[in-house]
Structures are given as C-alpha cells and as structure tokens.
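Everything below concerns the one structure shown next.
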Amino acid sequence: MTAGTSNWRLRDCEQIIKGNEALLKHKHLIVGMTRIRNEALILPDTLDHLADQVDAIIAYDDASTDETVSLLLDMARTELPHDWMFCFDPDERVTGNLRSFVASLDTDASDAVRIQLFDAYMTPQDCVPYRSNQKLLHFRRFYGPEQRDILMLWRNRPAINFAEGHGRTPGGTAKVKTDLYCQHYGKSLSVEHWEETCAYYIRHFPFDTYGKKWTERKGQAIHTESDFKRPLYEWGETLFANAVRI
C-alpha cells in the first residue's frame, strides 16, 4: 500500500487498500512502515529484502506535512492486525532476521527496540554507482563508526502513537532495548545521489541545523574518513568495537 500525496483522507486510504484485500483482517507478526521520496532506484531491492521479514508494508510520502503518519499507523492497526511494527527507510538494511529476533522477545518486557545504525561511505576504491539490479545489503565496503540508535521496532500497543513533531519515532514507549545492526546507504548510492541529497537538505531544512552542514559537504562524495573526521571500518566487529554514539 502506498501513499501518493500529502492530500490523503481516509476514503483515499480505503480505496488503495482494496488491492491488498488478502492481507486484511488477518493477524500478522510484523507490519512494515516506510517513507517514500524518489526511491525508484532502490525500491525493488527494498521489497525483495523484506519479502521474508515482514507480512505487509505501508508506505507514506516523506513530503507530507499533515497527519499522514498517524493516520497510516491507525489504519494498520485496524486493517492489518499485527504484533510488531517495523518503521524503516528504503535505504536502510537491518542485517539480522527480524522474525527470529521478535520471536525471541516473546517473554521480554521490552515494548520497543532501537537498532544500531551506521552510515556506508563511498571511497576512492569503492565508488561505482549503485544499480537497481544489485543487492543493497553489504553493497559498500566501509562504514563510519558513528552509531545512531534508531527506534525502528515497537509492539502494537495503543499507548505507542505518533504526534506532531515526532518524525519517524513515536511516543509512548516504556521499556526500550538496543539490539541488531543496520547499514544506511543514504550517503553512498552514487556521487549524483550524494549531490542531490546535499541540495535537498540545503533547500528544505533550516540552514543552522542542516543547511550549513550539507553546503559544506557538496562536492565531497568520495571519502577517506567519515563526515565527522573519523576512520572508516569494514562491516563487522571492529566497526562495532570502535562505535561512537551520536
């Protein structure tokens, strides 16, 4: 199910849902929710990657400024009963098996999980552009040690909900644990994509918080160190051992 514009109303959602009628009203283990903004290049692999990980996916327009995210979460609860919600960006790849992981939490009191995310980088020896017929998982060799713990999994509980200003992270979680790892490719699909990303943040975000930083990054797609001037590491235990939470 996809959200096409920010002008949605509930009747529009109902019309879109009809194409996935076989999924409705059945209990699911994991339902995915993702933001979509010009993701045609990576979307085929994103769907392939998640085919065995989640039971259904709801997508929403990242340009939305209204109640779209909250509306779709409510819709998922009504039309797609589920135990867990997995909220992800199309350019993220969680390396563990989500089904096995959430099954192991059956007796755990945690109601949400923060996943440890690391940025992949293009380097002088590894800067060939990503193509849509490739797997994105492990596509790049090197990653920055900066670790962001992103709340991406939560149980289907009424207290967990989105409100204005929440972004991709809902409020209402009580006991949150940190586990699993995620590769983020927003900085490393291609030089062209890097420049488009810089332009997007410069145009659409406050200069002091994002615009200045991304203005300085223009023309700097190829890296020998991270954006934070730290060494790059191959994916694995050495990267995790040198992780710096930001």
Side-chain angles (χ1 to χ4, degrees), residues 3 28-37 39 42 46 49-50 53-65 67-77 80-120 136-137 143-187 201 205 209-210 228 235 239-240 243-246:
H28 302 293
L29 178 63
I30 306 174
V31 168
M33 180 188 294
T34 187
R35 306 183 294 184
I36 298 294
R37 188 187 71 84
E39 308 289 2
I42 60 175
T46 299
H49 177 71
L50 290 172
Q53 303 272 10
V54 303
D55 301 300
I57 296 174
I58 291 179
Y60 63 92
D61 182 355
D62 195 28
S64 298
T65 58
E67 73 279 14
T68 298
V69 182
S70 178
L71 175 64
L72 288 177
L73 180 58
D74 290 342
M75 187 177 68
R77 286 173 169 154
L80 298 166
H82 57 280
D83 293 327
W84 287 87
M85 173 64 70
F86 173 54
C87 187
F88 65 97
D89 283 352
D91 60 5
E92 297 170 346
R93 294 292 181 270
V94 174
T95 58
N97 185 287
L98 293 178
R99 289 186 178 278
S100 298
F101 176 74
V102 299
S104 72
L105 299 177
D106 281 350
T107 58
D108 192 300
S110 298
D111 59 3
V113 180
R114 292 187 179 275
I115 296 179
Q116 302 157 98
L117 181 147
F118 296 86
D119 289 328
L136 192 55
L137 181 65
Y143 302 80
E146 293 79 23
Q147 174 185 324
R148 287 175 284 160
D149 296 337
I150 308 296
L151 197 149
M152 298 173 69
L153 272 170
W154 60 84
R155 294 185 190 269
N156 183 13
R157 292 178 175 168
I160 301 177
N161 254 303
F162 285 99
E164 185 176 355
H166 279 175
R168 68 180 285 181
T169 303
T173 57
K175 184 178 179 183
V176 182
K177 70 182 301 178
T178 300
D179 209 317
L180 298 176
Y181 294 100
C182 180
Q183 300 172 354
H184 174 235
Y185 286 92
K187 299 179 177 182
Y201 280 104
F205 287 79
T209 52
Y210 283 93
F228 301 87
W235 187 259
L239 171 67
F240 307 148
V244 179
R245 280 189 170 87
I246 61 173

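Only heavy atoms go into these numbers, but all of them, side chains included; no hydrogens, no water, no symmetry mates.
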Quick one, Val176 with Val113, criterion side-chain contact (heavy atoms from CB on, under 4.5 Å). Give me CA distance, side-chain angles, the key distance, then yes/no. CA-CA 5 Å; Val176 182; Val113 180; 5.9 Å; no
Looking at every heavy atom in both [X] and [Y], which two are closest together, and how far apart are they?
| X | Y | result |
| --- | --- | --- |
| Gln183 | Tyr185 | OE1-OH, 2.7 Å |
| Pro90 | Thr34 | CD-OG1, 3.1 Å |
| Asp111 | Ile160 | O-CD1, 3.9 Å |
| Glu146 | Phe118 | O-CD2, 3.6 Å |
| His49 | Gln53 | O-CG, 3.5 Å |
| Ala120 | Lys187 | O-CB, 3.9 Å |

Check whether any side-chain heavy atom of [X] sits under 4.5 Å from a side-chain heavy atom of [Y], and report yes or no.
| X | Y | value |
| --- | --- | --- |
| Glu39 | Thr46 | no |
| Val31 | Trp84 | no |
| Ile115 | Val94 | yes |
| Trp154 | Pro170 | yes |
| Ile246 | Gln147 | no |
| Trp235 | Thr95 | yes |
| Phe101 | Leu153 | yes |
| Arg114 | Leu180 | no |

Quick one: do the Arg157 and Thr173 side chains pair a donor with an acceptor below 3.5 Å? no
Test side-chain contact (heavy atoms from CB on, under 4.5 Å) applied to Val244 and Phe228, step by step: CA-CA 10 Å; Val244 179; Phe228 301 87; over 6 Å; no
Steps toward side-chain contact (heavy atoms from CB on, under 4.5 Å) verdict (Ile57, Met33): CA-CA 6 Å; Ile57 296 174; Met33 180 188 294; over 6 Å; no
Indicate yes or no for a side-chain donor-acceptor contact from Asn156 to the backbone of His82 under 3.5 Å, with no hydrogens or angles considered. yes
For the pair Arg155 and Asp83, find out whether any cationic side-chain nitrogen is under 4.0 Å from an anionic carboxylate oxygen. no
Test side chain to side chain contact (heavy atoms under 4.5 Å, CB included) applied to His184 - qualifying residues, sequence neighbours left out: Asp91, Glu92, Leu117, Asp119, Arg148
Parallel under 30°, tilted from 30 to 60°, perpendicular over 60°: which one fits the rings of Tyr181 and Phe240? parallel
Would Arg99 and Asp55 count as a salt bridge (charged side-chain N to carboxylate O under 4.0 Å, His left out) here? Give the steps. CA-CA 10 Å; Arg99 289 186 178 278; Asp55 301 300; 2.4 Å; yes
Nearest 0.5 Å please: distance from the CE atom of Met152 over to the SG atom of Cys87. 7.5 Å
Point-to-point distance, once rounded to the nearest 0.5 Å, from CD1 of Ile150 to SG of Cys182: 8.5 Å
Would one find more than 12 heavy atoms of other residues, nucleotides or ligands at under 6.0 Å from atom CZ of Phe205? yes
